Amino acid sequence: MVGSRGDAPFAEQDERDTAAELVGGFPRHATRDLVEAREERLRRRLPLAGLLLASGTALCALGLPTERLLGPGPDLIDALATGGWGSSRGLYLPLAQLVDALPGVGAERAGFLLSALALGALAYQLWNLGRALEASPAARWLCCLPLLTAPVVWTAGTYPGPEVLGSLGAIYAFTALVTPGRHRGLRAGVGWCFAAGTAPLYLWCLPAAAWGLARGRGGGRGLLAGIAWAAGWALVWLSGTAAAQLIEGADARGWLELGRAILRDLLAGGGGPQDPSWLWVAFPALGLAALGALGWFGRGERAPGWVFAWCLLPALGLGLAGSAHRELPWLWVLGPLAFGWYRLFATRPAWNGRVATLAIAALSIGSLLAARGFVRASDPESGWRAVLEHDAHRGDIVLATSRAHRYLAMRRYGLRAFEIHETARLSRGYRSDALAELLRRIEPAHATGSRVLLDHPLGPEEHELRELVDELERRVRIDVLPAPAAR
């Protein structure tokens, strides 16, 4: 005891700088204390930096929306506006209903807000991934920037659709598979179930995830464990989807339509193999983020087989019967690419390549701007939206000759709209009933002063629509919106 008390002053003295060290300009302990204090302050600020990155990303996504109609978003927003709960994407509509319950938020705005919030959460998840991999703050910024500005990622976060929510769950599942820790199977299952609940295309990732969990457990035992894990979580996903359908009160035909929708979404929209867009859209869609694949092949290492399966199986579904116009492609590879980027830069805690950093930032932002310019320039409805904004007024009724025009008029501009294309294709015997129902809904508003607008001048080849419009004009006056200016 005496020795221990006697040693204390010497231990304390060892922690102090001597007079010679202070005079000589080399205060070892003071320097160490300053460095440790600085690192501690930096560690405390990193969570705040992640929150700022997430909130800034979400605000930018809200301020820079993608106005073009893409993917399954319009159908889901229509279902949301009518109070729908059940769909093949069993989680999306319940989550969107929560956002739509906010005061002053309409269906499409709720979709935009949900996507922006999901993109912000994705940014925070990518930032925290750097903590798990012990990456420096500079490496985290350098890895997050090309991933968040990948054109397809930014598009998914700036339009009202479910894909960015799916990628959020998929990255969580992929992280559980490649990082050690407790409850890997539970974490991977929850992440995959969330991803598949918003985009059934992630069903293709289930065999790869089971393979990743079974890897290293031994032959037969690992195989059985992987199969049991996959079957259990597939049952959880199916039960959740069915529960949403039951809440909506689906009848027998509704269950049949749900099965068809799941199959269609599993094949990324069922566009058919004649659509080769899945082949060429990979690098333009992912931008600089695609270079993260190089991180899996550095330092003499190679990606395990299940990672290849994770990336290629959904591409197989998209290529066999998919359509990029129905499903935003390649978002499922965001997890592997994020790990690839961190594998490239997390081992460089003192990264000081300023030229390379500026080049990565410039190329990432440049690819995003180019992609947004392409999406905007190739928008088939941009001219019609300009006409509607200029010539239509609140209270007008729009006769839409396409689903896109009906959606835009109703969900984006708050007008009453009726799609008449299908009615015009009916035979005369069936058309009379549909026409009577249409007039029953139009005439009261027209009698109180509301204008009835046809969405575009009809051409000579649209004789069925012309006949229908002529019949309507016998009862109500119809004004025709001018044709969009040629681009």
Side-chain angles (χ1 to χ4, degrees), residues 69 72-87 93 100 106-111 160 248-251 253-254 256-257 380-485:
L69 301 184
D75 291 340
L76 290 170
I77 297 302
D78 276 338
L80 175 63
T82 56
W85 277 77
S87 73
L93 285 177
D100 192 29
E108 192 181 47
R109 289 182 180 178
E248 195 174 32
D251 54 14
R253 184 174 179 180
L256 180 61
E257 289 300 322
E381 306 299 345
S382 61
W384 188 80
R385 290 203 309 269
V387 169
L388 192 67
E389 291 173 1
H390 183 268
D391 292 281
H393 305 286
R394 185 177 297 275
D396 290 345
I397 300 172
V398 177
L399 301 179
T401 58
S402 69
R403 295 184 68 185
H405 287 182
R406 180 198 57 80
Y407 172 87
L408 289 169
M410 288 186 66
R411 308 303 177 205
R412 188 162 300 179
Y413 298 103
L415 304 174
R416 285 169 291 182
F418 302 94
E419 187 178 348
I420 62 174
H421 183 266
E422 294 298 327
T423 303
R425 295 177 60 183
L426 296 173
S427 62
R428 289 188 176 275
Y430 292 102
R431 186 192 296 176
S432 58
D433 293 337
L435 185 63
E437 175 63 21
L438 183 60
L439 286 170
R440 185 185 68 80
R441 303 175 70 179
I442 289 176
E443 283 185 315
H446 183 261
T448 59
S450 296
R451 293 188 305 165
V452 179
L453 305 176
L454 183 64
D455 61 356
H456 74 280
L458 298 177
E461 71 282 358
E462 299 175 290
H463 57 276
E464 293 176 334
L465 285 168
R466 169 52 60 190
E467 291 179 3
L468 178 63
V469 171
D470 288 342
E471 292 182 50
L472 288 171
E473 282 189 313
R474 295 171 189 160
R475 303 281 294 274
V476 297
R477 176 185 173 183
I478 297 177
D479 297 319
V480 182
L481 291 173

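Along the sequence shown, the residues carry numbers beginning at 1. It should be emphasised that the depicted structure is a prediction, and the values quoted were computed from it without experimental measurement.
With rounding to the nearest 0.5 Å, the separation of CG in Leu399 from CG in Leu453 is 8.0 Å. Note that CZ of Arg425 and CG of Leu465 are 10.0 Å apart. Values are rounded to the nearest 0.5 Å. To the nearest 0.5 Å, atoms CG (Leu468) and CD (Glu422) are separated by 12.0 Å. Of the inter-residue distances, the one linking Thr401 atom OG1 with Arg406 atom CZ reads 12.5 Å to the nearest 0.5 angstrom. Rounding to the nearest 0.5 Å places CG of Leu93 at 8.5 Å from CD1 of Ile77. For the atom pair CD of Glu108 and CG of Leu69, the computed distance is 7.5 Å after rounding to the nearest 0.5 Å.
The closest donor-acceptor contact from the side chain of Arg416 to the backbone of Asp396 lies at 3.5 Å or more, if one exists at all.
Environment of CZ in Arg385: crowded, with over 12 heavy atoms of neighbouring residues, nucleotides or ligands closer than 6.0 Å. Within 6.0 Å of atom CZ in Arg403, 12 or fewer heavy atoms from other residues, nucleotides or ligands are found, so the atom counts as exposed in its surroundings.
Between Arg474 and Asp470 there is no salt bridge, since no side-chain nitrogen of the basic residue lies less than 4.0 Å from a carboxylate oxygen of the acidic one.
Contact detail for Arg477 and Asp479: the closest heavy-atom pair is NE-OD1, 3.3 Å. Of all non-hydrogen atoms in Gly383 and Pro484, the two that sit nearest each other are C-CB, 3.6 Å. Annotation for Pro482 and Pro457: closest pair C-CD, 4.1 Å, computed over non-hydrogen atoms. Taking each heavy atom of Ala434 and Leu426 in turn, the nearest pair found is CB-CD1, 4.0 Å. Nearest heavy atoms, Asp455 versus Ser402: OD2-N, 4.2 Å. Across all non-hydrogen atoms, the minimal contact from Pro444 to Leu439 is CD-O, 4.2 Å.
Taking 4.5 Å as the limit, some side-chain heavy atom of His456 sits within range of a side-chain heavy atom of Leu458. Leu415 is listed as a side-chain neighbour of Leu388, based on a closest heavy-atom distance under 4.5 Å. Looking only at side-chain heavy atoms (C-beta outward), Arg475 and His446 stay at 4.5 Å or farther from each other.
Aromatic ring orientation, His405 versus Trp384: parallel (interplanar angle below 30°, classes split at 30° and 60°).
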